[in-house]
Novice: 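Mind having a look at this structure? Questions to follow.
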Amino acid sequence: MKVFINNKEYKARENETIIELADRNGIKIPRFCYHKHLSVVASCRMCLVEIENIEHAQPACSTPVQENMKIFTHSNKTKNAQKNTMEFLLINHPLDCPICDQGGECELQDVSIQHGESHSNYLEFKRVVIDKDVGPLISTEMTRCIHCSRCVRFGEEVSNNKELGLVNRGEHMEIRTFIEEGISSELSGNMIDLCPVGALNNKPYRYRARTWDLQQHGAISPHDCIGSNIYYHTYNNEIVRAVPKENHDINQTWLSDRDRFGYEGIYSEDRATKPMIRNNKKLVECEKEILLNKTNEIIKSTINDFGLDQIGCLISAQSTSEELFLFQHLFKSMNIQNIDHRTNECDFNYQENYPLMPSLGCNINDLDKFDNILLVGVNIKTEFPILTIRFNEASKNNTKIFSIHFDSLDEDFELAGKIALNNSDLSKFFDKKKPAINTNNKTLIIIGPNINYLVNQSQILDSITKYSKSINAQQGYLTDFCNSTSAWLFGNIPHRNFGGQPTNKPGLNVSDMIKSGLSTYVFFNLEPEHDFWNASAVTEALNKSKYNIFFTSYVTPLIERYADVIIPISTFAETDGSFINIEGTYQAYNKIVNPNKNIFEGWSILNNLIKMNNLGDYNISSIRSFLLKSLQNIDFNYSKNKKFKNINSKSITNNYIYKNTLRHIYASDQIVRRSKSLNLTEQSHNKFIYISSDLGQILNNKDTLEIRENNKNYKVKNFLIKKELPINTIVYTSSFNNTLNESKSGHITIKS
Amino acid sequence: MNIKLCTETFNLNNPASMETYISLGGYEAWKKIVERKSSKLEIINKIKESGLRGKGGAGFLTGLKWSFIPQQAKQKYLVCNSDESEPGTCKDRDILRYNPHAIIEGMLIASYAIGASVAYNYLRGEFLDEQWKVFNNALEEAYKNNFIGKNILSTNISIEIYSLIGAGAYIVGEETAMLESIEGKRGMPRIKPPFPAIKGLFGKPTIINNTETLASIPKIMLNNEGWYKDIGIGNSEGIKIFSMSGHINKPNNYEIPLGTPFSNLLKLSGGVLNGNKLKAVIPGGSSVPVIKGEDMMMTTMDYPSIAKAGSMLGSGGVIIMDETTCMVSVLHRISRFYYSESCGQCTPCREGTGWLHKILSNILNGKGTLNNLDQLNKIANQIEGHCICALGDAAAMPVRSFLKHFWHEFEYYVEKKESMVS
């Protein structure tokens with residue numbers, strides 16, 4: 001279709017609007033209410049343009065192009081119409097740009113420079129709107145609002161969590177939450193980006209810097225396995241805020257609040273800032289060289305004195321691909337096989353059958369191409385908030401989404417069905433009952449991280465795999481950390497080596513390493529208090545062992561008490577790094593801020609040890625090129641040709657009471673746990689223990705639960721009865737202040 | 001000629017009852033259509049041919065509007081617009097009160113013609129006390145007699161009619177805002193296109209007609225072709241209710257053939273109050289431009305003639321102002337109305353109506369300047385034609401016409417800080 005803009009011919013697509021055509025061709029049309037991912041309301045009237053043979057200027061955002069249409073974006077008529085709109089917008093907008101955080105990146109400011117007058121004809125009183133307190137993440141200055149309604153439409157259309165709305169009419173119209181509520185959406189920060197003026201601003205960033213003083217660094221968010229693309233903005237070598245980086249295949253133009261505000265955890269007071277070794281039962285500061293020598297000495301002496309199998313190496317799957325690669329390279333080159341990253345799990349019977357690496361089973365963009373999606377043991381709203389947007393799109397595209405879980409949890413997209421089953425029913429569900437879906441349709445089964453914590457994980461995974469094979473469904477995983485894919489792929493597991501190569505002599509899994517009480521433990525990026533399936537067992541192991549080496553960014557009480565060596569390492573932001581997201585996309589980024597002088601980049605300190613032992617010498621580019629080259633040679637059809645091992649785990653009967661744990665959205669990793677702003681949110685105040693109603697009856701109005709687990713007794717207060725829970729279940733939420741004394745999943749008895 | 005359509009029952013005993021309506025030939029047209037299973041196209045053509053225009057304000061040809069609806073669509077809706085809120089207009093309120101069955105029959109015929117199985121009558125919130133009850137009673141009676149509902153008169157035709165009540169927003173009288181309101185959303189006009197006939201209520205093809213338009217339909221269907229057309233004059237066929245208000249002796253609703261001279265209508269409503277001199281007339285509800293009294297006396301009450309005089313027939317709400325009227329106060333009052341009724345969606349209307357009102361308040365309080373008068377004109381021009389719906393235009397048109405015809409009065413007020421007439 002031929003369309004003329006400013007007398008120049010352009011090829012337009014069918015059903016395209018003028019603004020889409022102009023945007024595609026780099027022709028600037030000012031706008032406030034229009035946003036490419038939101039519905040068109042044409043209410044700001046800023047994009048009015050002259051069209052030949054039409055009396056009044058028409059909004060470019062809602063007017064579809066027509067054959068031979070002649071559009072003028074810079075004619076007098078267009079300019080006049082836009083100037084008029086600008087005048088109206090500015091009469092009630094405060095001229096407080098010097099104290100407004102939006103200043104310098106304000107769309108209204110930009111347009112007013114081009115289209116505004118330098119003086120005002122408006123001499124009457126200006127409108128004043130009372131500010132609303134909507135929570136710890138968004139600051140409001142509602143007098144600045146120009147009623148573009150982007151934030152409202154975001155809630156209605158994208159996050160499907162309508163918290164902001166329009167109240168009152170005409171000039172008295174206000175954007176606010178209904179009935180003095182705060183905003184609790186997990187995606188609320190996007191409204192800050194969408195707001196074209198300074199009405200909704202980033203609260204933690206407020207007054208910290210002027211935008212023109214910031215430096216922008218592209219990176220990958222380390223808080224979930226989706227790998228959202230993100231820009232960190234730094235001021236004086238400190239991250240002050242984060243905004244989304246557009247990536248059509250992953251996060252589009254959005255970012256979850258966890259990704260946006262999680263970085264605050266980097267600036268926590270318990271950061272490990274100096275190298276320390278234990279000398280005469282006391283931790284003392286030391287030089288890097290002494291630190292490295294001591295570390296190497298411990299490893300060497302353990303191997304010599306106690307044997308290769310007396311050292312246990314544990315790494316967090318939140319580490320970068322470079323760190324994960326070097327970690328396993330260092331230890332596996334020494335023939336140490338006790339390496340694992342699955343610290344939140346306890347049942348490893350399925351590990352031989354597990355695919356080469358966890359994968360979503362499709363591209364994120366293709367989620368809406370399935371007819372059915374079964375979510376097993378995952379709550380998208382709190383675990384993968386950014387995917388809420390994708391599932392929303394899918395459900396609007398007639399994909400039926402079902403949730404199967406041990407708890408009954410809300411989602412912000414439409415669920416076609418929801419079922420809560422206790423652990424034993426969960427493992428039987430796919431064998432016997434079977435989900436009520438049309439199995440002829442294209443189906444995707446996604447297994448979430450909550451399944452991994454369960455004592456009967458292997459049974460459930462086995463039954464799902466058999467079921468999905470029988471109906472020819474695609475099977476996928478969502479993992480609890482951002483780089484579990486790399487951890488599996490690069491061999492941070494005891495039973496396979498780099499690239500899934502078989503090992504002659506499999507090492508111990510994490511659970512066995514902890515249980516058997518080894519002489520030496522090496523922890524990389526792990527918090528013993530929170531990152532393990534059973535915190536008290538870890539404490540016991542740390543107590544019994546001879547040496548404990550911690551590569552860590554934070555010094556927690558347990559680390560301080562039991563560490564023999566503390567190697568302060570960078571967080572994701574202070575090092576060059578890369579992650580492989582759940583789709584399998586390898587994404588690398590460069591260092592965002594420089595670490596303090598006594599904090600070492602994780603990969604470089606590992607490389608120091610590798611060099612000391614003559615096991616090679618790497619730098620970032622050599623690691624990356626090696627990894628990328630290896631990725632090309634890896635057999636991704638790995639599990640298809642493999643024979644499946646039969647799963648023989650203990651059968652579970654209905655006589656137990658099941659204790660299960662949900663990951664708390666803002667306690668999901670060590671950085672997020674320390675984010676001050678996220679810890680002030682409504683979600684973070686929600687730290688209850690839920691019990692099923694049949695247990696509630698047994699309790700008979702008592703306010704204390706006396707629990708017996710693994711021959712130990714402990715008491716729990718602050719629990720609520722949740723009717724929707726399956727019988728005989730207790731559900732914990734793992735969170736920062738609520739350390740679990742016992743395991744994350746297990747069988748317990750209750751004293752009634 | 002003394003033909004009455006919508007007002008036929010107004011002066012009878014028990015006007016809203018079914019007996020009264022049936023005694024005047026009510027439901028005959030509907031019965032015929034149902035029994036004969038008339039062709040939809042024939043009905044639409046008959047309405048087209050009659051020249052019936054929408055009586056809500058825009059005066060769009062009703063038959064033409066109906067013919068836009070895609071006949072093959074499965075679900076279609078009819079909406080009767082009884083959200084009569086235009087200042088100066090009070091015709092629909094009386095039709096609802098005295099002749100509700102005509103509306104029901106009209107809605108049935110219209111629903112049948114466009115193939116809608118569900119119809120809604122949306123009443124303004126202020127009708128809750130009286131009209132709402134009367135209409136609902138009538139609806140119940142019609143249901144009892146099987147004129148509405150499932151298997152109407154033992155045929156396979158089924159049409160449901162529901163009544164709804166608004167919450168007091170003028171803007172909901174705008175057809176697409178009404179659809180939003182029916183859907184349970186905030187009453188804000190939609191962008192057109194798509195027009196409601198293609199994508200309306202719940203995204204389905206929908207026809208929205210004014211109460212008076214629908215109440216006129218039964219009689220048009222009952223009579224022979226050409227009957228309605230012959231009542232009025234060319235290009236303004238038929239008959240229309242004019243709500244006479246303001247400085248007149250007998251304010252009331254008068255149903256007269258289009259083309260009747262204004263002087264006759266004035267005589268019919270008892271002349272100007274106290275025999276005063278006629279100063280100005282707003283001929284079609286507060287949204288249309290004002291006309292000077294002497295110009296108005298030369299016009300006839302029909303679309304082209306009033307357009308020639310520089311205004312619009314609109315909803316037929318004729319506001320008569322005599323020589324004692326202060327035009328500054330009138331415009332101030334009108335501007336306050338649009339200021340408080342703007343939905344707030346589009347920038348020009350949201351900000352502009354407030355600005356107009358604030359300037360006019362300043363003038364009225366003796367703080368105005370001559371510069372303000374030019375500014376009023378400028379703001380009105382900035383609003384007009386730049387909004388989604390016509391409310392912005394409706395706020396702008398009175399301002400421009402009042403200033404055009406009565407500039408000297410505004411000038412006097414600004415300079416002397418008092419009204420020219422008091």
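The sequence lines fix the lettering, A, B, ..., with proteins before strands; numbering per chain opens at 1.
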Novice: Going by residue number, which parts of residues 346-355 of chain B are within reach of chain A, meaning a heavy-atom gap below 4.5 Å?
Specialist: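 Listed by number, the contacting residues are B/Cys346, B/Thr347, B/Pro348, B/Arg350, B/Glu351, B/Gly352, B/Gly354, B/Trp355.
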Novice: Is A/Phe32 close to chain B through its backbone or its side chain, or both, or neither, when contacts mean heavy atoms under 4.5 Å?
Specialist: neither
Novice: B/Ile191 versus chain A, heavy atoms under 4.5 Å apart: side chain, backbone, both or neither?
Specialist: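 Contact with chain A involves the side chain of B/Ile191 alone.
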Novice: Are more than 12 heavy atoms from other residues, nucleotides or ligands located less than 6.0 Å from atom NZ of B/Lys358?
Specialist: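 Buried by this count: over 12 neighbours within 6.0 Å.
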Novice: Measure distances from A/Ile91 to the heavy atoms of chain B and classify the residue's part below 4.5 Å as side chain, backbone, both or neither.
Specialist: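 Only the side chain of A/Ile91 comes within 4.5 Å of chain B.
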Novice: Which region of B/Asn371, side chain (C-beta onward) or backbone (N, CA, C, O), has a non-hydrogen atom less than 4.5 Å from a non-hydrogen atom of chain A, or is it both or neither?
Specialist: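 B/Asn371 has no heavy atom closer than 4.5 Å to chain A.
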Novice: Which residues in residues 170-190 of chain B have any heavy atom lying under 4.5 Å from a heavy atom of chain A?
Specialist: B/Arg186, B/Met188
Novice: Would you please go through residues 57-79 of chain A and name the residues with a non-hydrogen atom below 4.5 Å from one of chain B, in numerical order?
Specialist: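 Within residues 57-79 of chain A, the residues under 4.5 Å from chain B are A/Ala57, A/Ser62.
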Novice: Anything in residues 375-387 of chain B with a heavy-atom distance to chain A below 4.5 Å? Please list those residues in order.
Specialist: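 The list, in residue order, reads B/Gln375, B/Lys378, B/Ile379, B/Gln382, B/Ile383, B/Glu384, B/Gly385, B/His386, B/Cys387.
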Novice: Select one option (side chain, backbone, both, neither) describing which atoms of A/Glu171 are under 4.5 Å from chain B's heavy atoms.
Specialist: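 For A/Glu171, backbone and side chain are both near chain B.
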Novice: Determine the minimum heavy-atom distance between B/Cys343 and A/Met173, stating which atoms define it.
Specialist: O-SD, 3.7 Å
Novice: Given that the side chain runs from C-beta out, which part of A/Asn80 has a heavy atom under 4.5 Å from chain B: side chain, backbone, both or neither?
Specialist: neither
Novice: With a 3.5 Å distance limit and no angle check, can you tell me whether A/Arg169 reaches the backbone of B/Ser340 through a side-chain donor-acceptor pair?
Specialist: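 Between the backbone of B/Ser340 and the side chain of A/Arg169 there is a qualifying donor-acceptor contact (under 3.5 Å).
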